[in-house]
Amino acid sequence: MARDDGDDRSSKRRKLDFNPLRSDDRFADDLPTRTLNRRKDDSFKSRNPTPRGGSRFETPEGDPYADQVLDRDWYGGDDDLGGHVFGDDTHNPFGGDSGWETLEREAAMTEKKVAAFSRGLNAQQLQRQKDNDAWETNRMLTSGVAQRRDMGADLDADQEGTRVHLLVHDLRPPFLDGRTIFTKQLEPIPAIRDSQSDMAVFSRKGSRVVRERRTQRERAKQAQAATNVAGTALGNLMGVKEEDTDSALPIAAEGESKPQGSNKFSDHLKKSDGASDFSRTKTLQEQREYLPAFAVREDLMRVIRENQVVIVIGETGSGKTTQLTQFLYEEGYGKLGMIGCTQPRRVAAMSVAKRVAEEMECELGSTVGYAIRFEDCTSKDTVIKYMTDGVLLRESLNEPDLDRYSCIIMDEAHERSLNTDVLMGLFKKILQRRLDLKLIITSATMNAKRFSDFYGGAPEFTIPGRTFPVDVLFHRSPVEDYVDQAVQQVLAIHVGKPAGDILVFMTGQEDITVTCELLQERLDALNDPPKLSILPIYSQLPADLQAKIFDRAPPGVRKCIVATNIAETSLTVDGIMYVVDSGYTKLKVYNPKMGMDMLQITPISQANAAQRSGRAGRTGPGQAYRLYTEKAFRDEMYIQTIPEIQRTNLSNTVLLLKSLGVKDLLDFDFMDPPPQDTITTSMFDLWALGALDNLGELTDLGHKMNAFPMDPPLAKLLIMSVEYGCSEEMLTIVSMLSVPPVFFRPKERPEESDSAREKFFVAESDHLTYLHVYTQWRANGYNDAWCVRHFLHSKSLRRAKEVREQLVDIMKMQNMPLVSCGTDWDVIRKCICSGYYHQAAKVKGIGEYINLRTSVTVQLHPTSALYGLGYLPEYVVYHELILTSKEYMSTVTAVDPHWLAELGGVFYSIKEKGYSARDKRVIETEFNRKMEIEAQMAADKKRLEEKMRDEEDGPQLVKGKKGLGKDRKTITVGSVVKPVKQRVRRGI
DNA sequence: GAGCACTGC
């Protein structure tokens, strides 16, 4: 890149004033942390309970309220846990309206509009920007980071008023011309069963008390902002010094600032002291024999001997997960190959393996081992291998028939994780090639028939469970505000019911916080209330606070755990006797039209409800209070949650299947096929990235991308970074993007954490900001205490380090060199542009951008490094869109429009007045490229159409003609594919 | 000028 031309104007009008790759002394460990003490101002919130909450429980003596509430509001449903009969007509009842939120799209942008948006600022804003420019120029010149000549050239360019305009082309690859079907699921699948139902309406509206709290907080914040400018971006720029009041205020995370070695599960498992009387007094063998699975062992083994596929219905407490593998081992299956058992979660794979190793009295990693990402605890002696489903899926890439295994158990298959579903489809074919392979699928009662039907009527075998009865109580009338009602219910239980802990299911962090606050306030308002220990839990909560829910409460104190879904399957707390179920959850749904995932509050499914209620019956009989009517349960909830494969972005999966040799996705036997829209969007994205060619076949780039366990755009960044000579830096950026957010922003100290974050900003790029954070962390010895001081999640950073190490290994294996570009951030930004050009946006207004291709208006997120820049870069690319109150771009980097045209030639070309010689050259090359692309597309289209004609002549011969059979022995299709309407082409 | 359930490679 010619930096000295002076006409490379839009991208680098600002020079970075520090080097993200050098240890920066502002972050040195020994500097005092600059913090603010805001606690005083905050406190009024918690001392000021709502009048309503205060008065309701002030009954003079006793508390008749509790029983009264129960009598009025509750009755036993006829659906106790044992009595549930779930039909198998489960998914996709397409009754009801679409649950998709459709956002208005702007009409296609005309060229005129493009021109109008080119500045997107009014006169006043322009003036402010000019002032800012002048000020910054001055700062840079005086600080010595910039030479006057550079700045002069930039400013001149601005004054000339020559702007670059991008023209946008709406090209689609020939294989996605709208006539091809890829799946049997042509219609989208609504996330909510009936969008007009009470629960759907209430979930859209949200909880009133939560809204009230939110506005209260905002008002308090405004009041604060008025009296204090320090701690803001402006404050920092102006050099406002803040008092070091840190010592007076221990923050929540400080307590865990002691160095924590690693994220390895083995470390976490040591502290589990769940030893019951039973486990202390009985030998391991006696414990095994006590399990229900033990009693049915002979029958089960016979069924497995006689059938290739068996569905095992293992109820909670049956011991299936630990015993099945051992039975198979004792039966001799281990001599024929490994016995594999997949788990949907890492912790489960690890802890179950540990338990089985103990029972078999062998070292973990010898006969019994486990494999999860970052930890392969197996050896050549391993016979019983526990693993996550993702690990097995990756193994199938290298070993398509899974030859090393004699049996595979897919545990918890009813959860229908994306990986499980893909494996299910793969097994359909594998089993036909490998008649000696045994497949055992374990499932909860209600899904068993689906699995059985899928595998041609495989036998079902039930292992009884060992749980206690749970009384299920439905609310009499629809509950409009689930948070308020949940709080009332908990208090009613607390004051009116015998001892036993309470578990409340909420949707997310905000709900949980409000619930806890309200509970405490209303409890405090009671006259001498019994003691209640209120404990929130959600995954984002720091680990030490999470651990508190497992501590036994002191005598006479009741525990009340307020949790997200995390307590539904991932965490099991003993001693829960009461469950309060809000009936809602946050569900990730994919909107292919907008190409984005969103988290939507939705009513839970009946299966979720059963799972939640069941949590009350682990250690004794329990009660479940459902904050919805029995009618709502029956009519407004899906029987099963829509499987993940039908509500998520599938570019990853499509890429995987393509490289597994699945040429025609229509032929792939999904238990529940993903919707057409989702597949076409995913394919389009892959094509736009260059992973699929114009005919829909995997390209070399696509093959390479498959080696990396991450989303396709990130994999592409890594591959491109080798060409650009910045793979060291890109490895870090990609790792940071693959972990949960690193910036910690506690509600109690928003300003401090904001200013801490701002200190890491690299102008014009959030990607580079991440690089900066990581390099600083490394420069400070990967120190946890340093993270706490700078409001960073050390857990995420450590995870990023692990991811990075794994990616380095893969790069080495792929013979991709690790090279550093030193301090040339333009190279990194250009490389970023090469991976994200399909997600580019142009400035439209203050903090507002418009997606170049889709014309969807998107916002710059206030946490972006570009926000406080003082001006808005004209063109940006972004990592992803997140929908909260608005559509926000998250992780944004400013780019040069020339880069977009050069790298994303399929979509963009340059239109420009006042050409310089360089621009002319660029434009000519781009024009030639464009012509090439168009010629290629036309040729491919012709080829494709010829192929299509061939196929219509002889539908049954298609496979041979497509050349599918050449390098594979047999092509078998599990079930008969329905004949496709003529003139509609089959999938590629 | 804001806030994101849970997994997994």
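Within every chain, numbering begins at 1; the chains are lettered A, B, ... in the order of the sequence lines, protein sequences first and strands thereafter.
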### Query
Would you call the rings of H793(A) and F744(A) parallel, tilted or perpendicular if under 30° counts as parallel and over 60° as perpendicular?
perpendicular
### Task
Would you kindly check whether a donor in the side chain of D511(A) faces an acceptor in the base of dA5(B), or vice versa, at under 3.5 angstrom?
no
### R346(A) side chain near dC9(B) phosphate (N/O to OP1/OP2, under 4.0 Å)
yes
### Query
Quick one: is dG8(B) close enough that its OP1 or OP2 comes under 4.0 Å of any side-chain N or O from T388(A)?
no
### Task
Please check the phosphate of dA2(B) (OP1 and OP2 only) for any side-chain N or O of K886(A) closer than 4.0 Å.
yes
#### Entry: Ionic contact status for E399(A) with R404(A), cut-off 4.0 Å
yes
### Query
Between atom CD1 in I566(A) and atom C1' in dC6(B), what is the gap in whole Å?
8 Å
## Note on the structure
Assign each of R757(A) and N652(A) the nucleotide of DNA chain B bearing its closest heavy atom; nearer the 5' end lies the nucleotide of R757(A)
#### Entry: Side-chain N or O of S570(A) closer than 4.0 Å to phosphate OP1/OP2 of dC6(B)
no
### Task
Write down the distance between CG (N608(A)) and P (dC6(B)), rounded to a whole number of angstrom.
14 Å
### Task
Measure from CD on E805(A) to P on dC9(B) and round the result to the nearest Å.
16 Å
### Message
Just the rounded figure in Å: distance from C1' of dC6(B) to CD1 of I601(A).
### Response
15 Å
